[in-house]
Colleague: 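One structure is given below, represented as structure tokens, and several questions about it will come after.
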Amino acid sequence: MARGRRAPGIRALALVLLAVAAAAGVAAGDPDPDELERAFPIVEPDHGHTKLRLSEQGLDAIRRIENPIAVVGVIGPYRSGKSFLLNQLLSLSCDKGFGVGHMRDTKTKGIWIWGTPVEMDVDGSKVSVLYLDTEGFESVGKSNVYDDRIFALATVLSSVLIYNLPETVREADISRLSFAVEIAEEFYGRVKGQDVAFEPAKLLWLIQRDFLQGKSVQQMVNEALQRVPNDNGDKYIDEVNQIRDSLAVMGDNSTAFSLPQPHLQRTKLCDMEDKELEPLYVKRREQLKQLVASITKPKIVQGKTLNGKDFVSFLQQILEALNKGEIPSTGSLVEIFNKAILERCLKVYREKMDGLGLPVPVEKLKQVHEMANEEARIIFDKQHFGKHHAAQSVLKLEDEVKKVYRNFLLANEYQSSKLCEARFSECEDKMDHLQVLKLPSMAKFNAGFTHCNQSFVRECVGPAKESYERRMSKMLVKARALFIKEYNNKLFNWLVTFSLVMVVIGRFVIKFFLLEIVAWVMFIFLETYTRMFWSAESLYYNPAWHIIVSSWETIVYSPILDLDRWAIPIVIMLSFGILYWRCFGGRRKRGRGSLLPVYKNSYKNSARPRSD
């Protein structure tokens with residue numbers, strides 16, 4: 001009996017454990033498919049409604065998809081029936097599908113997807129098609145920047161982009177779409193390093209509540225995209241035509257379709273079944289489903305399809321780029337992608353300019369600048385995105401290059417001034433040194449003058465060279481004039497001193513009579529004869545003086561031996577040599593005759609008696 005009573009309890013406990021295990025298995029494995037039968041947000045606005053952030057709830061639903069993904073996205077103004085259209089394409093009622101609102105404020109916030117993808121066979125491959133609903137633009141309380149981010153994100157993510165417009169095509173719709181078309185045109189099949197490149201979405205112009213008669217919606221779209229005559233050269237019309245030119249490149253990548261009004265009571269559409277809707281609407285809706293299915297292709301990024309995880313990674317990258325950049329009214333994403341290319345171009349330009357060892361002549365700097373700028377432009381032209389909005393990137397590249405070039409000009413001028421100032425100071429010190437030579441030499445001064453001038457001309461380069469050349473020329477002329485003025489006076493004094501020294505040496509040291517006579521003649525000539533017949537100034541122009549100067553230069557200046565530095569040691573050595581010869585050399589030669597007249601002591605050999 002006890003065992004029988006315990007049996008139901010054991011069975012109940014086992015059922016509880018099985019339930020817990022089943023629940024754990026569900027939690028550990030894939031989510032219940034029924035849980036995915038609803039819409040999930042993947043991108044939401046922040047509190048300020050200026051930037052976008054990812055929603056992990058929707059991303060988890062995408063990550064589980066293993067097949068290649070295709071995305072059918074719907075964009076358009078708020079309160080234009082985008083969510084209702086998606087429910088119609090998915091054959092869902094309003095209470096089960098995307099939320100549909102009838103109030104003045106927009107129902108959908110950010111970007112939503114339907115959690116269960118539609119499985120399709122595309123070219124023999126199984127493809128999971130995600131349907132994407134976006135927040136309508138032009139609603140109150142939002143900036144154009146936010147609208148453009150939503151528009152850009154939907155354009156980039158979609159394989160088929162349905163541009164849902166109420167009743168007709170407005171100029172604002174064309175202007176806004178031109179940016180998406182430019183993205184599609186420029187990003188098609190582009191794989192450049194780390195840049196994200198993708199195939200463009202198929203563009204479907206969908207005009208709802210079509211009351212127009214006589215013209216097809218395709219004709220209406222074509223007429224709206226025709227160029228506007230501009231005989232007066234109006235700037236605004238030129239911009240309008242530029243937008244139409246960008247849209248014209250879509251060609252076969254776009255098509256147009258119209259849907260009539262499903263029912264007059266629009267607020268009750270969600271409560272109506274197909275039999276209550278306009279038959280023409282139901283027919284056209286089924287045709288639209290077939291059209292969308294026929295143009296749907298897997299999303300291609302960098303040459304390959306994306307599964308769920310790849311798609312989420314791609315979305316994260318695009319959203320990060322959009323949130324980092326300052327988004328203008330149109331053409332935003334083009335500039336975002338061009339930023340990396342601009343940085344590469346500027347890097348190439350800087351590397352070319354850094355190869356120059358500053359300072360350099362201005363002409364060479366300008367030449368290298370033009371070559372580096374041309375190379376940077378070639379790289380930009382090959383890799384940039386966008387033709388019309390990218391013009392802003394071109395202007396930015398030019399501005400940045402100009403800034404860098406200006407910095408190089410300033411750096412070159414600074415380095416040139418620094419180098420030329422150093423060479424100028426060296427020459428100035430050299431000239432000052434030549435002014436105070438112990439043994440003045442015109443040849444030595446000229447040699448230093450020439451060497452200094454040549455080294456300055458050779459080493460001083462850059463924009464400062466011209467001004468420093470003028471300073472150098474003035475300094476050298478002044479130094480030469482001062483040297484010549486002092487040179488004659490110093491030489492005259494040196495020659496007078498030299499003649500007196502030779503008199504002393506010839507008379508008392510070596511007692512060489514002939515040397516003493518020559519020295520006296522030189523002294524008398526310099527001190528007496530010149531004062532009687534020549535003025536001090538005319539002496540320097542006399543041929544005799546030139547002979548004296550030439551002789552002096554021959555003795556004093558030697559390119560090999562700097563006599564100005566070694567004059568005193570040489571004189572000391574000669575003095576010791578003469579004294580040695582006079583004191584010791586004369587004794588060994590005593591009694592031998594001399595070929596030259598010298599002073600002799602006549603008292604030692606005299607036979608006369610001393611008077612004392």
Side-chain angles (χ1 to χ4, degrees), residues 339-381 393-437 441-487 557 559 562 564-565:
K339 283 186 178 180
I341 301 170
L342 279 174
E343 291 176 359
R344 280 201 299 275
C345 293
L346 287 174
K347 182 178 179 182
V348 169
Y349 176 82
R350 287 194 181 97
E351 287 176 351
K352 291 291 183 182
M353 296 298 287
D354 287 338
L356 284 172
L358 299 181
V360 294
V362 177
E363 295 77 12
K364 184 176 181 180
L365 183 65
K366 183 178 180 181
Q367 182 181 6
V368 175
H369 156 71
E370 291 175 351
M371 293 174 59
N373 186 35
E374 182 67 21
E375 185 171 347
R377 282 299 301 271
I378 291 174
I379 294 174
F380 182 82
D381 291 340
S393 297
V394 174
L395 294 177
K396 187 174 181 180
L397 175 62
E398 292 177 352
D399 290 341
E400 292 298 325
V401 167
K402 288 179 181 178
K403 290 179 182 178
V404 176
Y405 181 53
R406 262 196 308 271
N407 291 336
F408 270 96
L409 287 174
L410 293 175
N412 189 49
E413 186 173 352
Y414 171 75
Q415 293 295 337
S416 176
S417 298
K418 185 177 179 181
L419 177 63
C420 292
E421 179 66 28
R423 297 298 171 265
F424 177 83
S425 298
E426 290 177 3
C427 287
E428 196 170 35
D429 293 342
K430 181 71 173 178
M431 294 297 102
D432 291 341
H433 173 71
L434 292 175
Q435 296 288 350
V436 293
L437 290 175
S441 171
M442 180 62 72
K444 186 174 183 179
F445 180 87
N446 289 335
F449 180 95
T450 303
H451 174 75
C452 191
N453 190 42
Q454 289 177 348
S455 63
F456 178 84
V457 172
R458 181 177 62 254
E459 297 177 14
C460 176
V461 294
K465 183 175 183 178
E466 184 177 354
S467 61
Y468 272 90
E469 278 183 338
R470 291 194 295 268
R471 288 182 59 187
M472 186 72 174
S473 177
K474 292 180 181 179
M475 186 271 291
L476 292 177
V477 169
K478 183 178 180 181
R480 177 185 285 275
L482 181 62
F483 181 83
I484 292 175
K485 179 180 179 181
E486 297 296 328
Y487 173 78
Y557 176 70
D562 187 1
D564 190 71
R565 177 182 296 180

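For reference, positions follow the sequence shown, starting with 1.
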Colleague: Tell me whether the rings of Tyr405 and His369 are parallel (<30°), tilted (30 to 60°) or perpendicular (>60°).
Modeller: parallel
Colleague: Output the distance between atom CZ (Arg344) and atom NZ (Lys347), rounded to the nearest 0.5 Å.
Modeller: 10.0 Å
Colleague: Provide the closest heavy-atom pair for Ser455 versus Cys452 in the form atom of the first, atom of the second, distance.
Modeller: OG-O, 2.9 Å
Colleague: I'd like to know if the side chain of Thr450 and the backbone of Ala447 have a donor-acceptor N/O pair within less than 3.5 Å.
Modeller: no
Colleague: Answer yes or no for Arg480 and Phe445: cation-pi contact, defined as NZ/CZ to six-membered ring centre under 6.0 Å and angle to ring axis within 45°.
Modeller: no
Colleague: Please check this pair: side chain of Ser416 against backbone of Val461, looking for a donor-acceptor N/O pair closer than 3.5 Å.
Modeller: yes
Colleague: Let me confirm one number: the CG-CD1 distance from Asn373 to Ile378, rounded to the nearest 0.5 Å.
Modeller: 10.0 Å
Colleague: Would you mind telling me which of Ile341, Val348, Leu342 makes a side chain to side chain contact (heavy atoms under 4.5 Å, CB included) with Cys345?
Modeller: Ile341
Colleague: Have Tyr349 and Glu375 got a donor and an acceptor in their side chains that come within less than 3.5 Å?
Modeller: no
Colleague: Please report the closest heavy-atom contact between Lys352 and Ala372, naming both atoms and the distance.
Modeller: CB-CB, 3.5 Å
Colleague: Hey, are the side chains of Asp354 and Phe408 touching, using non-hydrogen atoms and a 4.5 Å cut-off?
Modeller: yes
Colleague: Rounded to the nearest 0.5 Å, what separates atom CG in Leu358 from atom NZ in Lys418?
Modeller: 12.0 Å
Colleague: Hey, is the main chain of Val457 close enough, under 3.5 Å, to the side chain of Lys465 for a donor-acceptor pair?
Modeller: yes
Colleague: Ignoring hydrogens and geometry, is there a side-chain-to-backbone donor-acceptor pair from Ser425 to Glu421 under 3.5 Å?
Modeller: yes
Colleague: So does Met442 get a backbone contact from the side chain of Asn446, meaning a donor-acceptor N/O pair under 3.5 Å?
Modeller: yes
Colleague: So do the side chains of Met472 and Met475 get within less than 4.5 Å of each other, counting heavy atoms only?
Modeller: yes
Colleague: Rounded to the nearest 0.5 Å, what separates atom CG in Leu409 from atom NZ in Lys366?
Modeller: 10.5 Å
Colleague: Is it true that Glu374 and Arg377 have a side-chain N and a carboxylate O under 4.0 angstrom from each other?
Modeller: no
Colleague: Which atom names give the shortest non-hydrogen contact between Met353 and Leu365, and what distance separates them?
Modeller: CE-CD1, 3.6 Å
Colleague: Check the pair Lys430 / Glu426 against salt bridge (Lys or Arg N to Asp or Glu O under 4.0 Å), numbers first and verdict last.
Modeller: CA-CA 6 Å; Lys430 181 71 173 178; Glu426 290 177 3; over 6 Å; no
Colleague: Would you say the side chain of Phe483 lies within less than 4.5 Å of the side chain of Phe449, judging by non-hydrogen atoms?
Modeller: no
Colleague: Nearest 0.5 Å, what's the CG-CE distance between Leu476 and Met431?
Modeller: 6.0 Å
Colleague: Please determine whether a side-chain nitrogen of the Lys or Arg among Glu398 and Lys402 lies less than 4.0 Å from a carboxylate oxygen of the Asp or Glu.
Modeller: no
Colleague: Tell me if the CD atom of Glu413 is crowded by more than 12 foreign heavy atoms within 6.0 Å.
Modeller: no
Colleague: Minimum heavy-atom separation for Leu419 and Glu459, please, with both atom names.
Modeller: CD2-O, 3.0 Å
Colleague: Rounded at 0.5 Å granularity, tell me how far CG in Asn407 sits from CG in Asn412.
Modeller: 12.5 Å
Colleague: With a 4.5 Å limit on heavy-atom distance, are the side chains of Glu400 and Glu343 in contact?
Modeller: no
